[in-house]
Amino acid sequence: MTTTTTPPAAPAKARRRPLSEWWNRLSRVQQWGVLIPLVALVYLLPVLNPPLITTQPGYDFPIAMFEVARYALVAIGLNIVVGQAGLLDLGYVGFFAIGAYVMALFTSPDSSLAKLPFLVVLPIAMVVTMIFGVILGTPTLRLRGDYLAIVTLGFGEIVRLLADNIDPLRGNRGFQGVGHPPGVKADGNPLFNNTDGIPWYWLCVTIIIVILFVVGNLERSRVGRAWVAIRDDEDAAEIMGVPTFKFKIWAFVGGAAVGGLSGALYAGQLGFVNNQKFDVVTSMLFLAAVILGGAGNKVGVLLGAIVVAYVPLRFQQIAEYKYLIFGLALIILMIFRPQGLLGARQRLLAYGRQAYQRLLGKGEQVSSDGSLVTDNPGEKA
């Protein structure tokens, strides 16, 4: 008599394939095949105005989408500093303000400086903020932790106070008629104006895609590996020969450039700049977007920016309580998910996908506490 035995059912954990692991198993061509329709949908959002996510009638939906995109761009820049290099920057709004004021000074009729086209001023705003990044970073980046946070917080307040007290910056009067990109509609009105958020949204999303491409390549370069080493353990990185100070300056400069770019876009869309829009609270919201989404993860910080910018615009009745709500959300995250909604990927940044697939037989893992996550709690990575 023969007996047949059925193989034991695979454990439930083995049957489940996390979305991140499924994504990392795809080839580059397959990933682009998924991303292209997704990006097309993102571009069409303000045109489609889906009923489930619309902010109307309380807030114009295309303008709301531009606000979300603007926060996403800011979060990407701040993530270079906080998430990639591990430098706690509480005054990032200072770079944002510098970019906005550069755009106002070179395009507004209220300024005495020579008037330049909007698209020419954008790179100028980035260069000026990069210079300020070097000026701030050179004497302060030898500090760490809370000391660095306090210094950067002071930098943000210094920029705001200078705008209030230096007469050419016009204080509370501000600059009106800030420039915008070229282009006209069929009726002869400017394509980029304060009431139509669709062109501004498309411009900002395009810039985000370019910045993500640049930042992604930096992550996989020697610079990105140095940033991760500094973030994980600066002393060990320095012992291993990483010029930590130089790479921290590079992180500060790169983050400053993106911050200045986002500030210039903000000034152009709003058409008005004064000293009331660059306070500490705004800087905290920028940082909340990075921490909430997951510092060090580009997709995570985009998700965090969407939450921070979109939720108050979608639910107007709770908008005045947004600081309380985000504060509670951050406390809950610190307790239950300290890595944020999407944690930073811990991997070999150059050829990391191939290394994981060959050595471990699976895709990249997501960190929960700064070390590699394994399938078995008793296993060590």
Side-chain angles (χ1 to χ4, degrees), residues 38-76 96-97 99-111 115-123 125-126 174-212 258-274 276-278 282 285 289 302 305-306 308-316 319:
L38 180 61
V39 171
L41 177 62
V42 169
Y43 271 102
L44 290 175
L45 269 180
V47 178
L48 298 175
N49 196 2
L52 291 177
I53 65 172
T54 185
T55 57
Q56 294 172 341
Y59 201 92
D60 183 74
F61 185 67
I63 297 293
M65 288 295 96
F66 169 73
E67 288 295 309
V68 172
R70 176 174 67 84
Y71 262 81
L73 183 59
V74 171
I76 293 170
F96 182 78
Y101 269 101
V102 170
M103 179 59 68
L105 286 169
F106 283 103
T107 61
S108 171
D110 294 330
S111 171
K115 304 302 176 288
L116 298 175
F118 180 91
L119 297 179
V120 174
V121 180
L122 277 183
M126 295 178 67
F175 297 89
Q176 298 183 1
V178 178
H180 53 77
V184 293
K185 299 180 180 178
D187 57 4
N189 292 321
L191 178 62
F192 289 85
N193 55 69
N194 301 339
T195 58
D196 187 2
I198 294 177
W200 289 103
Y201 172 78
W202 286 344
L203 175 62
C204 196
V205 169
T206 303
I207 291 174
I208 287 173
I209 293 173
V210 174
I211 296 297
L212 284 175
V258 179
L261 175 61
S262 57
L265 288 173
Y266 169 73
Q269 190 280 324
L270 193 63
F272 175 74
V273 174
N274 72 353
Q276 299 300 311
K277 304 180 183 300
F278 311 107
T282 304
L285 284 179
L302 290 176
I306 292 171
V308 169
Y310 171 75
V311 170
L313 300 178
R314 175 64 176 84
F315 304 101
Q316 292 284 313

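Quick caveat, the model's predicted, so the values are computed rather than measured.
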Q: Got a second to check how far H180's NE2 is from T107's OG1, nearest 0.5 Å?
A: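 That separation rounds to 9.5 Å.
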
Q: Run the numbers on L45 and Y201 for side-chain contact (heavy atoms from CB on, under 4.5 Å), then give the verdict.
A: CA-CA 10 Å; L45 269 180; Y201 172 78; 4.2 Å; yes

Q: Compare every heavy atom of N194 with every heavy atom of G268, then report the nearest pair and how far apart it is.
A: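 So the minimum-distance heavy-atom pair works out to O-OD1, 4.2 Å.
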
Q: Taking N193 for the side chain and P190 for the main chain, is one N or O donor matched with an acceptor at less than 3.5 Å?
A: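 Checked: pair present.
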
Q: What distance separates L212 CG from I208 CD1, expressed to the nearest 0.5 Å?
A: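 So the gap between those two atoms works out to 7.0 Å.
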
Q: Measuring from atom CG of L122 to atom CZ of F106, what distance do you get when rounded to the nearest 0.5 angstrom?
A: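 So the CG of L122 and the CZ of F106 are separated by 12.5 Å.
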
Q: Using 30° and 60° as the class boundaries, would you call the ring planes of F278 and Y101 parallel, tilted or perpendicular?
A: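 The rings of F278 and Y101 sit tilted, inter-plane angle from 30° to 60°.
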
Q: Can you give me the closest heavy-atom contact between G260 and A125, atom names plus distance?
A: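 The answer is O-CB, 4.2 Å.
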
Q: Applying salt bridge (charged side-chain N to carboxylate O under 4.0 Å, His left out), can you list everything that pairs with D60, at least two apart in sequence or on another chain?
A: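 Here no residue qualifies.
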
Q: Check the angle between the aromatic planes of W200 and F118 and answer parallel, tilted or perpendicular using the 30° and 60° thresholds.
A: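 Plane angle over 60°, so perpendicular.
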
Q: Please assess F96 against R70 for the test side-chain contact (heavy atoms from CB on, under 4.5 Å), listing each intermediate value before the final yes or no.
A: CA-CA 11 Å; F96 182 78; R70 176 174 67 84; 3.3 Å; yes

Q: Do Y43 and T206 come within less than 4.5 Å of each other through their side chains, counting heavy atoms only?
A: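 In contact.
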
Q: Measure the CG-CE distance between N49 and M65 for me, rounded to the nearest 0.5 Å.
A: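 If we round to the nearest 0.5 Å, N49:CG and M65:CE are 9.0 Å apart.
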
Q: Kindly compute the distance separating OG1 (T54) from CG (L313), expressed to the nearest 0.5 Å.
A: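 CG of L313 is found 11.0 Å from OG1 of T54.
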
Q: Might you point out which heavy atoms bring V47 and W202 nearest each other, and give the distance in Å?
A: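 Minimum heavy-atom contact is CG2-CZ2, 3.8 Å.
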
Q: Enter the distance from F192:CZ to Q269:CD here, rounded to the nearest 0.5 Å.
A: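 Result: 11.0 Å between the selected atoms.
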
Q: Taking all non-hydrogen atoms of both residues into account, name the closest pair between L73 and I211 and its distance.
A: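 Taking L73 first and I211 second, the nearest heavy atoms are CD1-CG1, 4.1 Å.
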
Q: Going by ring pair (Phe, Tyr, Trp, His ring centres under 6.0 Å), name the residues that satisfy it together with F61, two or more places apart in sequence or in a different chain.
A: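 Partners of F61 under the ring pair (Phe, Tyr, Trp, His ring centres under 6.0 Å) test: none.
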
Q: Under 3.5 Å, is there a donor-acceptor pair between the side chain of Y310 and the main chain of I53?
A: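 Answer holds: yes.
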
Q: Where is the tightest heavy-atom contact between L302 and A72, given as atom of each residue plus distance?
A: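 Nearest pair, atom of L302 first, then A72: CD2-CB, 3.6 Å.
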
Q: Whether the side chain of S108 engages the backbone of Q176 through a donor-acceptor N/O pair (distance < 3.5 Å, no angle test) should be reported.
A: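 Between the backbone of Q176 and the side chain of S108 there is a qualifying donor-acceptor contact (under 3.5 Å).
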
Q: Between F175 and M103, does the side-chain contact (heavy atoms from CB on, under 4.5 Å) criterion hold? Intermediate values first, please.
A: CA-CA 10 Å; F175 297 89; M103 179 59 68; over 6 Å; no

Q: Considering all heavy atoms of both residues, which atom of A100 and which atom of V273 are nearest to each other, and what is their separation?
A: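 Where A100 meets V273 most closely, the heavy atoms are O-CG2, 4.1 Å.
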
